[in-house]
Amino acid sequence: MALPRFFLDLPDDFDGPEAVLPPKTAHHAGRTLRLAAGEPVEVFNGRGGLWRGTIRFEADRAFVALGGKAPSTTESPLAVTLVQSFVSPEKTDWIVEKAVELGVARVILTPAERSVTKLAGDRLEKRLQKLAETAKAACEQCGRNLIPEIKAAPNLKAALEAADTDVRLMLAPGAQQPAALLKDARSVAFAVGPEGGFSERELALGDELGWSRALLGPRVLRTETAGLAAAVWAQTIAGDFPGI
């Protein structure tokens, strides 16, 4: 059975006997999860650090008596980058949450010609902060100890250039070639367009930057499905999902 997990921004070399949970986290542990004093829990810092210990409560405060650092073994050997075009907030939240669960290492959000959602300035910064919290909560749930990077690029060219991976696939329903990945690949990136897909001009830009147009199966997938399906496909071939 998985232990209750809590994010704490502890130094990587933290070796103190006890850690203090933030008020919101303490409330969640005591009131929502209804944990009792002495129950085992895990604490992670989002940079790969993992500690196990037992929880105790004092009034509205909560503390974790740490039993030492534990090995962190939930990261995939395949580094997956998802370049996701701007879509609605609800779809973006879903994509980020599920991408974290599927082991994606980095999500790069980008505007695209057919994006209905427009984000810039303070509005974009607030969205990124919200998505960082979504990623953190997803790590608590799924057992990851390394919080994926969630960032935004000013344009598609910058987003495609930022994905410096071994294999770079631009998903396009009209592509002539099926997606391909070798078992020994160590990194892969997928670019997913908004509703309506990438324009021909954007696909040509990908061609110029060394991306390959790829078809992922015979059916047209929604924008919130395509990147996640690609991540599962890649993890099965070269990651930490068992091959069939």
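Model, not experiment: these values are computed from the prediction.
By the 4.5 Å heavy-atom criterion applied to side chains, Thr165 and Arg186 are not counted as neighbours. Between Ser199 and Arg114, some side-chain heavy-atom pair lies under the 4.5 Å cut-off. No side-chain heavy atom of Leu228 sits under 4.5 Å from any side-chain heavy atom of Val232. Within the 4.5 Å cutoff, no side-chain heavy atoms of Pro194 are placed close to those of Pro111.
The environment of CG in Asp12 is crowded: more than 12 heavy-atom neighbours from other residues, nucleotides or ligands sit within 6.0 Å. At most 12 heavy atoms of other shown residues, nucleotides or ligands fall within 6.0 angstrom of atom NZ in Lys183. Residue Gln176 places its CD atom among 12 or fewer non-hydrogen atoms of other residues, nucleotides or ligands, all under 6.0 Å distant. Within a 6.0 Å sphere centred on CH2 of Trp94, other residues, nucleotides and ligands contribute 12 heavy atoms or fewer.
Thr92 places a side-chain N or O within donor-acceptor distance of the main-chain N or O of Ser88, the cut-off being under 3.5 Å. Checking side-chain atoms of Thr74 against main-chain N and O of Gly143 turns up a donor-acceptor pair under 3.5 Å. Of the possible donor and acceptor atoms, none in the side chain of Gln84 sits under 3.5 Å from a partner among the backbone N and O of Ala191.
By the 4.0 Å N-to-carboxylate-O rule, Glu58 lies close enough to Arg56 to be salt-bridged with it. Salt-bridge check for Arg5 with Glu42: passed, with a basic side-chain N closer than 4.0 Å to an acidic carboxylate O. Comment: Lys157 engages Glu161 in a salt bridge, judged by a side-chain N to carboxylate O separation of less than 4.0 angstrom. A salt bridge does not link Lys69 with Asp15: every distance from a Lys NZ or Arg NE/NH1/NH2 to an Asp or Glu carboxylate oxygen is 4.0 Å or more. Ionic pairing of Lys91 and Glu195 is present here: one or more N-O contacts between side-chain nitrogen and carboxylate oxygen are shorter than 4.0 angstrom.
Listed by chain and number, the residues in a side chain to side chain contact (heavy atoms under 4.5 Å, CB included) with Lys130 are Asp93, Arg127, Thr134 (sequence neighbours excluded).
When each of Val104, Leu109, Val192, Leu82 is checked for a side-chain contact (heavy atoms from CB on, under 4.5 Å) with Ile95, only Leu82 meets the rule. When Leu78, Asp166, Thr81 are each tested for a side-chain contact (heavy atoms from CB on, under 4.5 Å) with Val188, only one passes: Leu78.
Shown here for Ser72 and Gly48, the closest heavy-atom pair between the two residues is CB-O, 3.4 Å.
Counting side-chain heavy-atom gaps under 4.5 Å among Ile, Leu, Val, Met, Phe, Trp and Tyr, the cluster of Leu8 also holds Phe6, Leu10, Phe14, Leu21, Leu33, Leu35, Val41, Val43, Trp51, Ile55, Phe57, Val64, Leu66.
Residue Phe44 holds its CZ atom at 9.0 Å from CG of Leu50, rounded to the nearest 0.5 Å. We find the CD1-CD distance between Ile147 and Glu133 to be 8.5 Å, quoted to the nearest 0.5 Å.
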Please output the side-chain donor-acceptor pairs of residues 210-218 that fall under 3.5 Å, not counting sequence neighbours, one pair per line with the distance.
{"residue": "Trp211", "atom": "NE1", "partner": "Leu160", "partner atom": "O", "Å": "3.3"}
{"residue": "Arg213", "atom": "NE", "partner": "Asp207", "partner atom": "OD1", "Å": "3.3"}
{"residue": "Arg213", "atom": "NE", "partner": "Asp207", "partner atom": "OD2", "Å": "3.2"}
{"residue": "Arg213", "atom": "NH1", "partner": "Glu200", "partner atom": "OE2", "Å": "3.2"}
{"residue": "Arg213", "atom": "NH2", "partner": "Glu200", "partner atom": "OE2", "Å": "3.0"}
{"residue": "Arg213", "atom": "NH2", "partner": "Asp207", "partner atom": "OD2", "Å": "2.7"}

Step by step, work out the salt bridge (Lys or Arg N to Asp or Glu O under 4.0 Å) result for Glu224 and Lys98.
CA-CA 10 Å; Glu224 67 270 30; Lys98 302 311 172 189; over 6 Å; no
